[in-house]
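Small disclaimer: the values here were computed from a predicted structure and weren't measured.
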Number of protein chains: 2
Amino acid sequence: MSATELEKVITVVTNEQLQKLKENMPPEEYLYDLAELFKVFGDSTRIRIMFALLDKEVCVNDIAEALNMTLSAVSHQLNILKRSKLVKGRREGKSVYYSLDDEHVREIISCGMEHIEE
Amino acid sequence: MSATELEKVITVVTNEQLQKLKENMPPEEYLYDLAELFKVFGDSTRIRIMFALLDKEVCVNDIAEALNMTLSAVSHQLNILKRSKLVKGRREGKSVYYSLDDEHVREIISCGMEHIEE
DNA sequence: ATAACACTTGAACAACTGTTCAACTTTCAT
DNA sequence: ATGAAAGTTGAACAGTTGTTCAAGTGTTAT
């Protein structure tokens, strides 16, 4: 077998691997949703809000005070978290109390913590 | 106890909770790093690259072909992933083969998948 | 030495994102 | 009813980010 023939064989093998790589890829939309979820965790304000809610529900005003932020800024971020089904809110009088809406929040955060603690 | 006195007591209790909330917050820098990590996962291109590397190492060219992207765009994203210690690369001849640099990548991705599969 | 392949890198541009500001709404106390 | 407290919402602005393009670096084959 000549050198150029061998190269052809190698190319074919490589193409087969490439083919497999493409086939094994989850659907585009799935990967997009996954990235979209992590994007929500990818902001320190939202991370801080989720940490504030780890133990118990907290009203918007207290979150804003604890994080030294305006009500408006916190409300905007809570809305993003709510749309991603990560937190939920309930009204009680004048206040709206927010809490984590999913056990996965704790898991995802603790997964990330393991990586940076090294 | 009058209504206004009662309110003062309630305010004090609330302030204590606020104080605890502030004290229990991890240091600012830690939360920033955590958000920074998730930010890396929060892009569908980088997610796709990490999925491509789940099974075995792949060279930049093959990643680019599999994901239908330019070499340059893939290289830029690989660099971001490398800086976050999520992938590593090794040169073999003309090609550079990249692979996952941390078992946490799989864990974090699978954590995220659990949330969106519901 | 030259050319070709496989990347890498920096600048630039468009698109996206988070905060602020101002204008609401809701609820409660007077 | 009026006002105050607690939130929400939309527009706007500045800052960030991903891709492209052009120019570079290594490596191998001729």
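Here the P atom of nucleotide D/dT16 and the NZ atom of A/K39 are 17 Å apart, to the nearest Å. Distance A/Y97 OH to C/dT26 P: 20 Å, rounded to the nearest Å. In this entry the distance linking CG of A/L71 with C1' of C/dT19 reads 14 Å, nearest Å. Nucleotide C/dT30 holds its P atom 10 Å from the NZ atom of A/K94, rounded to whole Å. When the C1' atom of C/dC21 is taken as reference, atom CE of A/M69 falls 14 Å away, rounded to whole Å. C/dC5 atom C1' lies 15 Å from atom CD of B/E92, rounded to whole Å. Spacing between atom CD1 of B/I49 and atom P of D/dT19 amounts to 8 Å, rounded to whole angstrom units. If you measure from atom CG of A/D43 to atom P of C/dC16, you get 18 Å, rounded to the nearest angstrom.
Under the 30°/60° scheme for interplanar angles, the aromatic rings of A/H115 and B/H104 are found to stand perpendicular.
Of the side-chain N and O atoms in A/S95, one or more sit less than 4.0 angstrom from OP1 or OP2 of D/dG7. Close to D/dT19, at under 4.0 Å from its OP1 or OP2, lies no side-chain N or O of B/S72.
Here B/Y98 lies in heavy-atom contact (under 4.0 Å) with sugar-phosphate atoms only.
Taking the side chain as every heavy atom from C-beta outward, B/S99 and B/K88 approach each other to under 4.5 Å.
Counted within 6.0 Å of NZ on A/K20, heavy atoms from surrounding residues, nucleotides or ligands total 12 or fewer; the atom is thus considered open.
By the side chain to side chain donor-acceptor pair (under 3.5 Å) test, A/Y30 is found to be paired with B/E117, residues two or more places apart in sequence or in another chain being considered. In this structure B/Q77 satisfies the side chain to side chain donor-acceptor pair (under 3.5 Å) test together with B/R46, sequence neighbours excluded.
Within the 3.5 Å criterion, the main-chain N or O of B/G93 finds a donor-acceptor partner in the side chain of B/R91.
A salt bridge links B/E36 and B/K39; the closest N-O separation between the charged side-chain nitrogens and carboxylate oxygens is under 4.0 Å.
The stretch residues 74-91 of chain B touches DNA chain C through B/S75, B/H76, each having a heavy atom within less than 4.0 Å of the strand.
Checking C/dT19, C/dT8, D/dT8 against every side-chain atom of A/V96, the shortest atom distance belongs to D/dT8.
In terms of position along DNA chain C, the nucleotide closest to A/R46 lies nearer the 5' end than the nucleotide closest to the other residue of the pair A/G93 and A/R46.
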